[in-house]
K.L.:
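Pasting in a structure now, in structure tokens, and then I'll have a few things to ask.
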Protein chains: 2
Amino acid sequence: MIALHDIKSPKPEDFPSELEGLRMTKQRREILSVILSKRDHPTANDVFLRAQKRMPTISLATVYNCLEALVSHGIVRQVNFERESSRYCPNLNDHCHFQDESTGQIHDVTFKKGVNLADFLELPQGTEISHLEISLKGRIGSS
Amino acid sequence: MIALHDIKSPKPEDFPSELEGLRMTKQRREILSVILSKRDHPTANDVFLRAQKRMPTISLATVYNCLEALVSHGIVRQVNFERESSRYCPNLNDHCHFQDESTGQIHDVTFKKGVNLADFLELPQGTEISHLEISLKGRIGSS
DNA sequence: AGGGGAAATTGGAATTATTCTAATTTGGAG
DNA sequence: CTCCAAATTAGAATAATTCCAATTTCCCCT
Ligand SMILES: [Mn+2]
Ligand SMILES: [Mn+2]
Ligand SMILES: [Zn+2]
Ligand SMILES: [Zn+2]
């Protein structure tokens with residue numbers, strides 16, 4: 001089973017016309033391909049700028065609309081660092097984010113295998129988590 | 001050693017005129033007392049509304065200024081959930097936050113003792129974390 | 001193939017949390 | 001008491017995101 005985000009350099013044409021019950025319009029396809037084609041974590045505006053290269057008439061409102069559609073259908077993840085603008089991530093595996101304060105770059109951080117949340121947190125019993133976000137900031141030492 | 005946030009119903013007068021190197025003006029005192037006097041996680045505007053009761057001339061800009069001063073001096077914590085407005089927390093112990101989606105209430109969640117981040121995350125070696133935020137959303141089952 | 005209609009896109013305006021600015025006030029040091 | 005840096009204030013500015021109303025797209029039906 002090969003996940004969408006494993007595809008190397010996807011062209012918009014590579015996507016079916018419907019995905020996870022979401023109609024794949026050409027704008028949505030373009031935006032998805034922008035997000036999948038570079039493993040960084042672009043903001044909506046970054047996505048807009050990149051999408052404009054191949055689709056000069058796309059609007060920022062559409063970028064926001066498409067991102068919201070992709071996120072709510074679980075095709076793309078939305079990532080937040082404090083009050084900064086949201087970023088978007090194609091990695092659907094369980095992971096969290098580390099922002100290197102010296103470069104601004106965001107790195108995916110996976111969980112050690114076998115661990116699960118409840119092992120770490122003193123959660124009130126009966127808690128059902130629907131959404132989890134872990135964001136780290138710091139530096140990578142030269143050692 | 002009794003921590004500030006353990007004081008029951010602190011009046012502004014209870015605070016020294018300087019704290020952690022921060023000059024305690026009457027506005028800062030008032031705002032700190034607002035935050036300490038109720039264990040919820042108010043937004044800046046909530047704080048403004050509450051502070052106005054005892055200090056009708058305080059301005060929203062001052063509330064933001066004071067919160068920023070208190071946060072940057074480590075006297076209060078700033079808490080974020082996705083794109084919602086920031087909230088402020090008097091609990092300085094290591095903890096994270098759970099928002100109950102049925103009530104909107106935010107609960108402090110502590111870490112199980114003895115665990116530490118590096119045990120959970122596949123961090124690139126040499127990583128120095130300067131800031132960490134864990135935010136959960138969900139519901140508390142009736143069981 | 002043609003037409004209807006719901007959904008998507010668009011540009012621009014609106015919203016809103018937060019920050020900035022410039023003028024005034026405050027309060028501790030000398 | 002005076003001086004001065006820092007804090008407060010009202011209001012304007014900013015910027016990310018959402019809303020709106022008009023247009024366009026395109027799927028479905030005949
Ligand atoms: Mn989410
Ligand atoms: Mn912080
Ligand atoms: Zn990611
Ligand atoms: Zn808290």
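Residue numbering restarts at 1 for every chain, and letters A, B, ... go by the order of the sequence lines.
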K.L.:
Can you check whether B:Val115 reaches A:Asp119 side chain to side chain, under 4.5 Å on heavy atoms?
P.N.:
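Side-chain contact under 4.5 Å: no.
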K.L.:
Examine the side chains of A:Thr43 and A:Asp46 and answer whether a donor and an acceptor come within less than 3.5 Å of each other.
P.N.:
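Judged by distance alone, the side chains do pair up.
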K.L.:
Which distance, rounded to the nearest 0.5 Å, do you find between the CG of B:Leu121 and the OG1 of B:Thr127?
P.N.:
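Here the interatomic distance stands at 10.0 Å.
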K.L.:
Return the value, rounded to whole Å, for the distance between atom CZ of A:Arg29 and atom P of C:dA8.
P.N.:
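Going from CZ in A:Arg29 over to P in C:dA8 covers 14 Å.
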K.L.:
Whole Å only: how far is the CZ atom of B:Phe81 from the P atom of C:dA17?
P.N.:
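These atoms are roughly 17 Å apart.
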K.L.:
May I have the distance from B:Arg87 (atom CZ) to C:dA17 (atom P), rounded to whole angstrom?
P.N.:
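After rounding, the reported distance stands at 11 Å.
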K.L.:
Could you state the CG-P distance from A:Leu22 to C:dA6, rounded to the nearest angstrom?
P.N.:
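Atom-to-atom, A:Leu22 to C:dA6, this comes out as 19 Å.
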K.L.:
How long is the line joining CG of A:Leu67 and P of D:dT18, in whole Å?
P.N.:
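Rounded to whole Å, this separation is 10 Å.
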K.L.:
Would you jot down, in residue-number order, the residues of residues 42-50 of chain B having a non-hydrogen atom under 4.0 Å from DNA chain C?
P.N.:
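Heavy-atom contacts with DNA chain C come from no residue of residues 42-50 of chain B; none.
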K.L.:
Round to a whole Å and report the spacing from CD1 of A:Ile31 to C1' of C:dT9.
P.N.:
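Rounding to the nearest Å, CD1 of A:Ile31 and C1' of C:dT9 are 10 Å apart.
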K.L.:
Nearest heavy atom decides the nucleotide; on that basis, is A:Asn65 or A:Gln27 closer to the 5' end of DNA chain D?
P.N.:
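Whichever sits nearer the 5' end wins; that is A:Asn65.
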K.L.:
According to salt bridge (Lys or Arg N to Asp or Glu O under 4.0 Å), does anything in residues 83-107 of chain A pair up with another residue at least two apart or in another chain? List the pairs.
P.N.:
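Sorted result for residues 83-107 of chain A: A:Glu84-A:Lys137.
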K.L.:
Walk me through it: do B:Ser86 and B:Gln78 pass the test side chain to side chain donor-acceptor pair (under 3.5 Å)?
P.N.:
CA-CA 7 Å; B:Ser86 284; B:Gln78 186 168 6; 2.9 Å; yes
K.L.:
Under the side chain to side chain donor-acceptor pair (under 3.5 Å) rule, collect the residues that match up with A:His97, sequence neighbours excluded.
P.N.:
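A:His97: side chain to side chain donor-acceptor pair (under 3.5 Å) contacts with A:His41, A:His95, A:Asp108.
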K.L.:
Considering only C:dT9, D:dT8, D:dC27, which nucleotide approaches the side chain of A:Arg23 most closely?
P.N.:
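So the side chain of A:Arg23 is nearest to D:dC27.
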K.L.:
I need the NZ-C1' distance between B:Lys26 and C:dG28, as an integer number of Å.
P.N.:
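So the NZ-C1' distance, B:Lys26 to C:dG28, works out to 14 Å.
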K.L.:
At what angle, to 10 degrees, do the two end axes of the helix from C:dA1-D:dT30 to C:dG30-D:dC1 meet, given five pairs define each axis?
P.N.:
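Terminal axis comparison yields 30°.
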K.L.:
Would you say A:Ile134 ends up clustered with B:Val79 if hydrophobic residues are merged whenever their side chains have heavy atoms under 4.5 Å apart, either directly or through other cluster members?
P.N.:
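In one cluster: no.
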K.L.:
Mind checking the CD1-CG spacing from A:Ile75 to A:Leu22? Nearest 0.5 Å is all I need.
P.N.:
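A:Ile75 atom CD1 to A:Leu22 atom CG measures 5.0 Å (nearest 0.5 Å).
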K.L.:
Whether the side chain of A:Glu133 engages the backbone of A:Asn80 through a donor-acceptor N/O pair (distance < 3.5 Å, no angle test) should be reported.
P.N.:
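At least one qualifying donor-acceptor pair exists.
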K.L.:
For C:dT9, does OP1 or OP2 lie under 4.0 Å from any side-chain N or O of A:Thr25?
P.N.:
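So the side chain of A:Thr25 is within the cut-off, an N or O lying under 4.0 Å from OP1 or OP2 of C:dT9.
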K.L.:
Distances under 3.5 Å only, N/O to N/O: pair up the protein atoms with those of nucleotides 10-16 of chain D.
P.N.:
| from | atom 1 | to | atom 2 | distance (Å) |
| --- | --- | --- | --- | --- |
| D:dA16 | O3' | B:Arg83 | NH2 | 3.4 |

K.L.:
Could you state the CE-P distance from B:Met24 to D:dA6, rounded to the nearest angstrom?
P.N.:
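Rounding to the nearest Å, CE of B:Met24 and P of D:dA6 are 17 Å apart.
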K.L.:
State which residues pass side chain to side chain donor-acceptor pair (under 3.5 Å) with B:Ser135; sequence neighbours excluded, sorted by chain then number.
P.N.:
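B:Ser135 satisfies side chain to side chain donor-acceptor pair (under 3.5 Å) with no other residue.
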K.L.:
Of all heavy-atom pairs between A:Phe81 and A:Leu136, which one has the smallest distance, and what is that distance?
P.N.:
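Distance-wise, the nearest heavy atoms are CE2-O, 3.2 Å.
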